[in-house]
Engineer: 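Please read through the structure below; I'll follow up with questions.
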Amino acid sequence: MISTTASSRLVAAPVLAILSLSGALACQTTVVVPCAADNTLYESLTGNLSNGAGAGVFAGVNGSNQKRRGLMRFDVAAAVPAGAKIVSATLEINIVMTAAALPIDVMVHRVLQSWGEGTSVATGGGGGGGAATTGDATWLHRFWPSTLWTTPGGDFAPAPSFTMSTAPMSLATGPAGPGSVVDAQFWLDNPAQNFGWLLKTSEALAFTARRIDSKESMGIPPNLTITYLMPGQLGTWGTGCPVGAGTFTFNYSGAPIGGTTIQLVQSAGPALGIGANFFSLGLDPVGATLLPSCKVYLPLAQEIIAGSVFFLDGAGGASSPFLVPAGFPGYLVVSQSVVLDNNPLGFLLSNAGLADLQ
């Protein structure tokens, strides 16, 4: 297993690399999933405030030291086919108002119970909330006026799925890790348990509330961009390290069917170089930066398996066979290639290849 000291270990043994099978033809599909429902939980002793049909969703603490928590749900199962393997899920929100000029982290937690979006509309800027209507989520209620949260302020997973850094008056995107993929895959496989996300800050300071465009706004509503593969499809992810005027590229030739042999193909690498392929059963869609424009897309906390050694020709290309393991349909196999090079690391990395085994 490669730990967070992977960089130094790779320098010590630079013929090692990173993840997957991937293809000469990228088959992954990317869809933008619109927000299906959103609302705000306004801290209140009576639980009678909401903004189900309003133009803003709020997260943070206002100037009166009252907490605001945003709710958002995306119908993943309506946009992504059943049986797909999700490899990336990125939330985009538009910050349109705040009293805090500095960047603030917004933590995104998976909600554990259903909640509602009524017809309430908060007046003014929306930060004070409006009178809750039937079916609205409030600080106390999942569905106003009679169905309560187990815990006031919402029932959500204690640990955030991911954290977003939000600057004032700007678009913000997440994740900074794989948590959004885990949640999106869970919602695809278990649509009846898709209760969306709750957005909150650390809630330690007043004047930190963010107003976010809601799905009813005339601005930029929240959306969730998902990239996925279907069984038997291959794709590529990210960009390899620079080599001359191009980038070191990994690809495959074949179909990822268990028990068959495909080709692992490198191109645009250092001429006459030596390298190796590495594999994992996961993808880090953000990537860990080793050098500018040079990233590891393997999850460094997961097991990484060394594959075949290859020798690049005078044009920086190579091809080697790979036996696709049998008996693992539905597994995502990720691979990167690494080659020795005269740079500060001592090696270069390719992009990642993806294969959803069949």
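Residues: numbered from 1 along the sequence shown.
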Engineer: Mind checking who shares a hydrophobic cluster with V121, ILVMFWY linked at side-chain heavy-atom distances under 4.5 Å?
Structural biologist: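 Besides V121, the hydrophobic cluster comprises nothing; the residue is isolated.
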Engineer: Side chains of S337 and F310: does their closest heavy-atom pair fall under 4.5 Å?
Structural biologist: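 Yes, close enough: below the 4.5 Å cut-off.
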Engineer: Does the side chain of N277 come under 3.5 Å of the side chain of Q266 through a donor N or O and an acceptor N or O?
Structural biologist: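 Looking only at side-chain atoms, Q266 and N277 do form a donor-acceptor pair, the distance falling under 3.5 Å.
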Engineer: Does any part of the side chain of V61, heavy atoms only, come nearer than 4.5 Å to the side chain of L205, both counted from C-beta?
Structural biologist: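 No. Closest side-chain heavy atoms not under 4.5 Å.
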Engineer: Would you check if I86 and W187 make a side-chain contact, meaning some heavy-atom pair closer than 4.5 Å?
Structural biologist: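 SC-SC contact between I86 and W187 ruled out.
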Engineer: In the structure I gave you, are the side-chain heavy atoms of P256 and L357 within less than 4.5 Å of one another anywhere?
Structural biologist: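 The answer is yes; the side chains approach within 4.5 Å.
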Engineer: Indicate whether any N or O donor in one side chain lies under 3.5 Å from an N or O acceptor in the other, for N351 and T247.
Structural biologist: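 Absent: no donor and acceptor within the cut-off.
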Engineer: Can you label the angle between the F279 ring and the F322 ring as parallel, tilted or perpendicular, going by 30° and 60°?
Structural biologist: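 Taking F322 first and then F279, their aromatic rings lie parallel (interplane angle under 30°).
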Engineer: L198 and side chain to side chain contact (heavy atoms under 4.5 Å, CB included): which single residue from L112, V111, D155 fits?
Structural biologist: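 Among L112, V111, D155, the one that satisfies the side chain to side chain contact (heavy atoms under 4.5 Å, CB included) with L198 is V111.
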Engineer: Is there a side-chain contact between D213 and M218 in this structure, where contact means two heavy atoms from C-beta onward sitting under 4.5 Å apart?
Structural biologist: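 No - every pair of side-chain heavy atoms lies 4.5 Å or more apart.
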Engineer: For a quick test of your reading: what N or O donor-acceptor pairs under 3.5 Å do the side chains of residues 226-233 make, sequence neighbours left out?
Structural biologist:
| unit_1 | atom_1 | unit_2 | atom_2 | d |
| --- | --- | --- | --- | --- |
| T227 | OG1 | T30 | OG1 | 2.8 |
| Q233 | OE1 | M230 | N | 2.9 |

Engineer: Do NZ/NE/NH1/NH2 and the carboxylate oxygens of D183 and R110 come within less than 4.0 Å?
Structural biologist: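 Counted as a salt bridge, because a side-chain N and a carboxylate O are separated by less than 4.0 Å.
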Engineer: Under 4.5 Å between any side-chain heavy atoms of S161 and V182, yes or no?
Structural biologist: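 No. Closest side-chain heavy atoms not under 4.5 Å.
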Engineer: Report the hydrophobic cluster partners of F58, with the cluster defined as I, L, V, M, F, W, Y residues connected by side-chain heavy atoms closer than 4.5 angstrom, directly or transitively.
Structural biologist: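 Answer for F58: Y42, L49.
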Engineer: With ring centroids as reference points, do F162 and W197 lie under 6.0 angstrom apart?
Structural biologist: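 Yes, the ring centres sit under 6.0 Å apart.
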Engineer: Measure the CD-CD distance between E203 and E43 for me, rounded to the nearest 0.5 Å.
Structural biologist: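 Reported value, rounded in 0.5 Å steps: 8.0 Å.
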